[in-house]
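Below is one structure, written out as structure tokens; the observations come after it.
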Amino acid sequence: MSTDKKYAYYPGCSLTATAVAYDISTKAVCDALGIEIKEIDDWNCCGATEYFAINALPAYALVARNLALAQDEGHSQVIAPCSACFLNLRKTDEYMGKYPDLGQKVNQALAAGKLHYDPGSLRVRHLLDVVVNDVGLDKVESLVKKPLYNLRLAPYYGCMIVRPDSGFDNVEYPTSMDELLRTLGAIVVDYPVKTQCCGGHMTQISDDTALDLIGRLLRSAAEYQADAIVCLCPMCQLNLDAYQDDVNRKYGTDYKIPVLYFTQLMGLAFGIPEKKLGFGKEMVSAKPALAKITAEPPPKKKRRVRRPKEALPMPGQE
Amino acid sequence: MTETRGGDRFFDRVVAATPGGEKLALCLQCGTCGGSCPSGPDMDHTPRQLFAMIAADMEEEVLNSNTPWYCVSCYYCTVRCPQQIPITDIMYTLKRMAVQKGKFKEAEAADFSKTFIGMVELYGRSFELGLATRYHLAHHPLKMIQMSGMGLKMLQRGRMALRPEKIKRLDQLQAILEKAKQLSAQTGGAA
């Protein structure tokens, strides 16, 4: 395996608990792809969307401690698999450089813990970006042993991986995960809500707001007959998976759409055993969906022949 | 009473407390922000209205609005704003100002944020079970019954820890946060 792909790994709190399947499958897939990750020793919470709502400077300092630790460990790049962590890490790095007064104050706070961070010294990356752009789809394709033929997948990006502009994909219509899933042999549905919000922390604050947002996503995925929704953020996964019952109760629906991580599906296609990928931890079982995978690719659909323009009913021609 | 005009304009304080906030002066009142907002229908005021109110120094009304608390940080408004106003960051600023001044009384969202960061300051990591228990007991005790079913399923699947995970150098983190709070207090919360 190549040893040039070394990164600091910032799992974030969710990956130690609600998203443990994401952590397990990330490690399995990175191992297979030759992505060398080293967990930042003694990392702390990024503050999610909460700390900035209460006190800004401690919020930046909280995040910056992680950046300083990674810098001290000699890293030049850090991978965050959680979109909220990814956003907070890159935003703090960017703002500390862009607003020198803020950067100086954050470093004054860090000095109280004998730490220092030089903005710009770390490149903060989302795991998906590293897989698609550093490793590349050719390498991914070469590792596929059990293609996900016949499985209809709805790639769900959510917000903070692409917004505010993270630079590696379109802010409103990203396609990196679409291409990745297609490389795995799956059928990718192009549904319109792939970068809409999952409700974030609203599940804890306002049921009405949260279930409406979650319901919109499930409805669209169901309309496009997706067998599963594929996530790249633990908050998105938790909301769509654990609150699916609540949505069904509220709107009288019967959705049973499993919500999986892209790393789990990569691992599956690479032939890694399901147990080593955290399958079974989802609230809505993935089993019926996975049973749809076939050994042979689905027959190619015949392209519909376009009707000649003259055949279309035009106004004034009756 | 709201302190308006003169040397201490509300508008100026909002700008000063937000990195890149000076762009707020460029707001065109086009409404792209509100049109892009996923929780707009639940808000007292659309972001566009709120910005007009800030420009008019309507501090009381702005800080009592539920609008910032319904912001889900999706950043759609921020990337779509033709004037590149950091709208999501401004919403965070307004949340902080409301907390500091004790405004927006139905502040469940503020309590959730406070409980969350309380866990982080205590352990260095977030702790879902502690957070959910403390916050819901205070705000919706009945919801605890409904939540406990989900909690149990999460426990069975190994997705929820019963005990918090503490970082090793908690004292270091706490010293950093303490210093940051001191610096923040010196500048009136401006970051």
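Reminder, nothing fancy here: chain letters follow the sequence lines and each chain counts from 1. No experiment lies behind these values; they were computed from the predicted model shown. Heavy atoms only: backbone and side chains are in, while hydrogens, waters and symmetry mates are out.
In this structure, chain B has no heavy atom under 4.5 Å from any part of Ile161(A). Of the atoms belonging to Asp212(A), not a single heavy atom falls under 4.5 Å from chain B. Using a 4.5 Å cut-off between heavy atoms, Ser83(A) makes no contact with chain B at all. In this structure, no portion of Glu178(B) lies under 4.5 Å from any heavy atom of chain A. Residue contact with chain B, scored on non-hydrogen atoms closer than 4.5 Å, involves the backbone and the side chain of Tyr51(A) alike. When heavy atoms are compared at a cutoff of 4.5 Å, Asp89(B) approaches chain A solely by way of its side chain, counted from C-beta outward. Heavy atoms of Phe52(A) lying under 4.5 Å from chain B belong to its backbone as well as its side chain. At a 4.5 Å heavy-atom cutoff, the contact between Tyr92(B) and chain A is made by backbone and side-chain atoms alike. For Tyr135(B), the part sitting under 4.5 Å from any heavy atom of chain A is the side chain, from C-beta outward, and nothing else. With a 4.5 angstrom heavy-atom cutoff, Ile54(A) touches chain B via backbone and side-chain atoms both. Looking at Asp208(A), there are no atoms closer than 4.5 Å to chain B (heavy atoms on both sides), in backbone or side chain. Contacts of Glu165(B) with chain A are made by side-chain atoms alone, with heavy-atom separations under 4.5 Å and no backbone atom involved. Contacts of Ser206(A) with chain B are made by side-chain atoms alone, with heavy-atom separations under 4.5 Å and no backbone atom involved.
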### Query
Stepwise, does the side chain to side chain contact (heavy atoms under 4.5 Å, CB included) test hold for Leu62(A) with Leu173(B)?
CA-CA 8 Å; Leu62(A) 181 80; Leu173(B) 175 65; 3.8 Å; yes

### Message
What verdict does the side chain to side chain contact (heavy atoms under 4.5 Å, CB included) test give for Tyr75(B) and Val171(A), after you've listed the backbone C-alpha separation in whole Å, the side-chain angles of each residue and the deciding distance to 0.1 Å?
### Response
CA-CA 10 Å; Tyr75(B) 292 86; Val171(A) 294; over 6 Å; no

### Task
Could you walk me through whether Gln204(A) and Glu108(B) pass the side chain to side chain contact (heavy atoms under 4.5 Å, CB included) test, one step at a time?
CA-CA 9 Å; Gln204(A) 306 302 307; Glu108(B) 282 186 41; over 6 Å; no

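Classification of Asp241(A) and Arg157(B) as a salt-bridged pair fails, no side-chain N sitting under 4.0 Å from a carboxylate O.
Judged by the 6.0 Å and 45° rule, Arg163(A) forms a cation-pi pair with Tyr76(B).
In this structure, CG on Asn44(A) lies 15.5 Å from OH on Tyr123(B), to the nearest 0.5 angstrom. Within the model, atoms CG of Asn88(A) and OG of Ser73(B) stand 9.0 Å from one another, a figure rounded to the nearest 0.5 Å. Here the straight-line distance linking atom CG of Leu131(B) with atom NE2 of His201(A) works out to 11.5 Å at 0.5 Å rounding. In this structure, the separation between CD on Gln186(B) and NZ on Lys105(A) is 9.0 Å, given to the nearest 0.5 Å. Distance check, rounded to the nearest 0.5 Å: OG of Ser14(A) to CZ of Arg159(B) gives 10.0 Å. Separating the CZ atom in Arg169(B) from the CG atom in Leu115(A) is a distance of 7.5 Å, to the nearest 0.5 Å.
Taking the side chain to side chain contact (heavy atoms under 4.5 Å, CB included) definition, one finds that Cys37(B) meets it with Ser39(B), Met43(B), sequence neighbours left out.
Taking 4.5 Å as the limit, every side-chain heavy atom of Glu50(A) sits out of range of all side-chain heavy atoms of Val120(B).
Formation of a donor-acceptor pair under 3.5 Å by the Lys168(B) side chain with backbone atoms of Asp42(A) is not found in this model. Side-chain N or O atoms of Arg65(A) include none that pairs as donor or acceptor with a backbone N or O of Ile176(B) at under 3.5 Å.
Nearest approach of Ser126(B) to Cys13(A), heavy atoms of both residues: N-SG, 3.2 Å. Of all heavy-atom pairs spanning Lys281(A) and Gly158(B), the tightest one is NZ-CA, 4.3 Å. Residues Tyr70(B) and Met202(A) share a closest heavy-atom pair of CD2-CE, 3.4 Å.
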